[in-house]
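When a ligand or atom number is given, it counts from 1 through the structure's own listing order.
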Amino acid sequence: MSYDPIIAPSMLSADFGALDRDVEMVNRSRAGWFHLDIMDGTFVPNISFGFPVVKAIARNARKPMDAHLMIVHPEKYIKRFAEAGVEWLSVHYEACEDLGAVLSLIHECGMKAGVAICPETPASVLEGWLSKMDFVLVMSVHPGFGGQKFIEDSIAKVECVREMIAREGASCLIEVDGGVGADNIPALARAGVSAFVAGSSVFSAPDPEETIARFLSLAEGA
Ligand code: DX5
Ligand code: ZN
């Protein structure tokens, strides 16, 4: 199964004092999704933002929202993300006590279900689960902060996930998140990534809209 490439700007790197402006930039751009990083200070050593900000983005977003929950007990909040308008929701494998129940709940709430794995978590933990999810999020940095350096081993991990998906006859999309930019997009695309999360490389660029278009071309041309 192959998917058209998607660039998903991480709103964690947006300017929260000019949020509407940055949401409009993503709307105008060739980005496919809004990536929303939700951190609880427990699963990861940082707190990002919660429902008031998600709703402020949702009010003006004209593209699907992809929320990445870096929180313990994600099951407590799944319904509220659906009500806020999120369409793609990922939870961390490491944070779920009952992964099957969490994935079912995401689907019952009408969203696409994804499972994120940290750099130190082997892809093999997903064995047997892939037909129950819509996407896999391979973390290419340790979750918690934007602006970190891409972990090169993530490319091999993506290849491994792609092979497992094929082996299990599943049709999951592969998303990658952390340190993504022009230097690694072509190799990631060749390895099997369809959704590219990019925070600092987009928002700290002189022209974020042009940067998104360039990243998409790199993914398409790989
Ligand atoms: C990290 C977050 C990422 C992050 C990406 O925990 O999940 O989405 O914001 O930011 P960059 O692209 O700057 O690594
Ligand atoms: Zn993320």
Side-chain angles (χ1 to χ4, degrees), residues 5-16 19 22-23 25-26 29 31-50 53-54 57 61 63-72 74 77 81 86-95 106 111-121 133-155 157-158 173-185 187-189 193-206 208 211-212 214-216 218-219:
I6 288 167
I7 306 298
S10 167
M11 301 309 286
L12 187 63
S13 295
D15 178 350
F16 288 87
L19 190 56
D22 284 354
V23 169
M25 182 282 292
V26 176
S29 77
W33 297 342
F34 286 84
H35 184 81
L36 310 182
D37 286 302
I38 311 297
M39 304 177 183
D40 66 355
T42 298
F43 180 70
V44 288
N46 195 14
I47 296 175
S48 58
F49 53 81
V53 173
V54 172
I57 293 170
K63 299 181 177 183
M65 293 186 295
D66 159 43
H68 171 198
L69 305 192
M70 287 161 274
I71 65 175
V72 295
Y77 303 99
F81 280 101
V86 167
E87 291 180 42
W88 296 76
L89 188 75
S90 59
V91 294
H92 265 269
Y93 176 85
E94 304 84 358
I106 298 174
M111 296 179 287
K112 302 282 192 197
V115 176
I117 49 172
C118 289
E120 62 275 14
T121 302
M133 64 188 78
D134 304 289
F135 64 112
V136 175
L137 171 46
V138 175
M139 287 305 300
S140 41
V141 297
H142 296 282
F145 301 90
Q148 301 180 72
K149 191 177 174 311
F150 179 79
I151 298 171
E152 290 293 333
D153 291 354
S154 314
I155 296 170
K157 196 170 190 181
V158 167
L173 173 159
I174 304 176
E175 181 176 32
V176 72
D177 183 3
V180 171
D183 291 348
N184 45 46
I185 287 174
L188 286 166
V193 172
S194 304
F196 301 83
V197 176
S200 50
S201 58
V202 164
F203 285 98
S204 66
T211 302
I212 292 167
R214 190 159 43 86
F215 286 179
L216 186 63
L218 283 170

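In the model, His35 has a side-chain atom that pairs as donor or acceptor with a side-chain atom of Asp37 under 3.5 Å.
To the nearest 0.5 angstrom, Ile212 atom CD1 is 8.0 Å from Ile7 atom CD1. Going from atom OG of Ser201 over to atom CG of Asn184 covers 8.0 Å, rounded to the nearest 0.5 Å. Rounding to the nearest 0.5 Å places NZ of Lys157 at 8.5 Å from CD1 of Ile151.
Below 30°, between 30° and 60°, or above 60°: for Phe43 and His92 the angle between ring planes is between 30° and 60°, a tilted geometry.
Counting just the N/O/S atoms of Asp37, the one with the shortest distance to the Zn ion (ligand 2) is named OD1. Nearest N, O or S atom of Asp177 to the Zn ion (ligand 2): atom OD2. The N, O or S atom of His68 with the smallest distance to the Zn ion (ligand 2) is ND1.
Counting atoms of ligand 1 from 1 in the listed order, those under 4.0 Å from a heavy atom of Gly179 are 11 (P), 12 (O), 14 (O). Interface atoms of ligand 1 facing Met139, defined by a heavy-atom separation under 4.0 Å, are 7 (O). Near Met39, with a cut-off below 4.0 Å to any heavy atom, the atoms of ligand 1 are 6 (O). Remark: ligand 1 atoms within the under-4.0 Å shell around heavy atoms of Val197 are 8 (O). Numbered from 1 in the order shown, with element, the atoms of ligand 1 that lie under 4.0 Å from a heavy atom of His35 read 8 (O). Near Phe145, meaning under 4.0 Å from any of its heavy atoms, are these atoms of ligand 1: 1 (C), 6 (O). For ligand 1, the atoms lying closer than 4.0 Å to a non-hydrogen atom of His68 are 7 (O). Counting atoms of ligand 1 from 1 in the listed order, those under 4.0 Å from a heavy atom of Leu12 are 9 (O).
Side-chain contact between Glu175 and Ile6: absent, with no pair of heavy atoms (C-beta onward) separated by less than 4.5 Å. Side-chain contact check for Leu89 versus Leu69: some heavy-atom pair is nearer than 4.5 Å. The shortest distance between side-chain heavy atoms of Leu188 and Phe196 falls below 4.5 Å. A heavy-atom distance below 4.5 Å is not found between the side chains of Asp134 and Leu173. Side-chain contact between Leu36 and Phe49 is present, with at least one heavy-atom pair separated by less than 4.5 Å.
Ranked by closest heavy atom to atom 6 (O) of ligand 1, the top entry among Gly147, Gly144, Gly199 is Gly144.
Where the criterion is an N or O separation shorter than 3.5 Å, residue side chain and backbone included, Ser201 fails it with respect to ligand 1. Any N or O atom pair closer than 3.5 Å counts here, and Ser13 shares no such pair with ligand 1. The distance criterion of under 3.5 Å between nitrogen or oxygen atoms is met by Asp177 with respect to ligand 1.
A heavy-atom separation below 4.0 Å is found between Met70 and ligand 1.
The shortest contact between atom 10 (O) of ligand 1 and any protein heavy atom is with Gly146 CA, 3.6 Å.
At a heavy-atom cutoff of 4.0 Å, ligand 1 is contacted by the backbone of Ala198 but not by its side chain.
Taking both residues in full, the closest heavy atoms of Leu12 and Met39 are given as CD2-CE, 3.6 Å, listed atom of the first, atom of the second, then distance.
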